[in-house]
2 protein chains.
Amino acid sequence: MTAATGPDTQDAPGRDPLSAVFAALADPTRRAILARLTEGEAPVGALAAPFAMSGAAISKHLRVLERAGLITRGREAQWRPARLDATPLREVAAYADGFRRFWDESFARLDDYLARMEDPS
Amino acid sequence: MTAATGPDTQDAPGRDPLSAVFAALADPTRRAILARLTEGEAPVGALAAPFAMSGAAISKHLRVLERAGLITRGREAQWRPARLDATPLREVAAYADGFRRFWDESFARLDDYLARMEDPS
DNA sequence: CGGTTAGATAACCGACTGGTTCTGCAGGGG
DNA sequence: CCCCTGCAGAACCAGTCGGTTATCTAACCG
């Protein structure tokens with residue numbers, strides 16, 4: 001893919017969407033931001049408060065989340081409230097769910113055993 | 001930080017387990033390795049074959065996956081087969097599933113609307 | 001025993017990350 | 001009108017990542 005017919009807006013790290021989502025989730029601060037946004041949209045200041053770090057850092061985190069499609073940004077006077085968009089998480093759930101049959105190790109062994117039973121070649 | 005009360009086996013990147021799992025999944029090569037391991041355990045060489053990169057790179061990827069608890073390594077003569085352990089993915093699925101009510105944006109708006117209806121304070 | 005195969009480890013590299021501070025800018029309030 | 005608030009962006013820094021090549025050990029094979 002990436003037929004290169006277009007100007008390729010995202011250059012380096014945004015390879016595929018799933019990777020971007022996983023990478024965005026691989027940070028506790030960003031997951032906490034997402035958790036907070038489940039209670040409703042919030043401006044940067046309100047998001048920065050509980051994290052003991054500069055607002056600029058939160059801005060960066062929000063940009064990562066936005067690039068991953070996990071949040072959308074609004075405009076309300078001089079505030080730019082962030083709003084949760086959990087649709088990418090549906091694909092995350094689907095991905096993880098694809099491994100459901102392997103969650104139980106003994107079940108995986110059983111599966112392997114059955115495969116050998118039916119096709120002993 | 002890192003209260004240093006214990007010997008802290010993992011230093012830098014292994015902060016919390018969930019972050020380690022998400023970080024491990026945030027790479028298409030590693031996800032492809034996991035996909036391949038669903039067909040059964042495989043030695044490093046077999047895993048390296050389809051990826052056009054050095055075996056050392058695969059070794060590193062496997063170490064990341066192992067640290068995330070997504071694979072276990074065995075010993076069979078001079079081979080060190082990797083075996084899928086999908087139990088961490090159960091937590092990933094649980095995490096994503098926690099956002100199920102927000103997957104549909106309009107449903108989230110409706111939920112917000114209902115909350116305001118029932119508790120107008 | 002020596003050679004070959006399978007893989008891990010180390011040293012190194014360029015790129016990206018996560019944080020900082022400082023500057024810039026849009027917009028509301030005295 | 002000027003300034004103050006709320007945030008974004010740039011420059012910078014240390015640390016990590018993903019990849020390389022080269023070196024090393026472990027185990028089989030003749």
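What you see is a predicted model; the values in this text were computed from it and never measured.
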Is it the case that the side chain of [X] and the backbone of [Y] share a donor-acceptor pair, with hydrogens and angles ignored and the cut-off at 3.5 Å?
| X | Y | answer |
| --- | --- | --- |
| Arg80(B) | Arg73(B) | no |
| Arg36(A) | Ala46(A) | yes |
| Arg30(A) | Ala23(A) | yes |

Value in whole Å for how far the [atom2] atom of [N] lies from [atom1] of [X]:
| X | N | atom1 | atom2 | result |
| --- | --- | --- | --- | --- |
| Phe22(A) | dC17(D) | CZ | P | 18 Å |
| Leu47(B) | dA8(C) | CG | P | 10 Å |
| Arg75(A) | dA8(D) | CZ | P | 9 Å |
| Ile33(A) | dC7(D) | CD1 | C1' | 14 Å |
| Lys60(B) | dG7(C) | NZ | C1' | 14 Å |
| Asp27(B) | dT16(D) | CG | P | 18 Å |
| Leu25(B) | dC17(D) | CG | P | 15 Å |
| Glu76(B) | dG7(C) | CD | C1' | 14 Å |

When you measure from the side-chain N and O atoms of [X] to the phosphate of [N], is any distance below 4.0 Å, counting only OP1 and OP2?
| X | N | value |
| --- | --- | --- |
| His61(B) | dC17(D) | no |
| Arg30(A) | dG18(C) | yes |
| Arg73(B) | dA8(C) | yes |

CG of Leu70(B) to CZ of Phe99(A): how many Å apart, nearest 0.5 Å? 8.5 Å

Rounded distance [0.5 Å steps], CG in Asp85(A) versus CD in Glu66(A):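 Between atom CG of Asp85(A) and atom CD of Glu66(A) there are 10.5 Å.
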
Between dA8(D), dA11(C), dG6(D), which nucleotide gets closest to the side-chain atoms of Gln78(A)?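 From the listed options, dG6(D) comes nearest.
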
Nearest to the Arg80(A) side chain among dC12(D), dA26(C), dC7(D), which nucleotide is it? dC7(D)

Among residues 50-59 of chain B, which ones have heavy-atom contacts with DNA chain D below 4.0 Å? Met53(B), Ser54(B), Ala56(B), Ala57(B)

Report the C-alpha separation of Ile71(B) and Leu34(B) in whole Å, then their side-chain angles, then the decisive distance to 0.1 Å, and conclude whether the side chain to side chain contact (heavy atoms under 4.5 Å, CB included) test is met. CA-CA 8 Å; Ile71(B) 64 169; Leu34(B) 289 183; 4.0 Å; yes

Does the plane of the ring in Phe22(B) sit parallel, tilted or perpendicular to the ring in Phe22(A)? Use 30° and 60° as the thresholds. tilted

Please compare Ala23(A) and Trp79(A) by the position of their nearest nucleotide in DNA chain C and report the one closer to 5'. Ala23(A)

Just wondering, do Phe51(A) and Ile33(A) contact through their side chains at under 4.5 Å, heavy atoms? yes

Any carboxylate oxygen within less than 4.0 angstrom of a Lys/Arg side-chain nitrogen, looking at Asp16(B) and Arg31(A)?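 Salt bridge flag = yes for Arg31(A) with Asp16(B).
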
Polar pairs (N or O, both sides) under 3.5 Å between protein and nucleotides 1-4 of chain C?
none

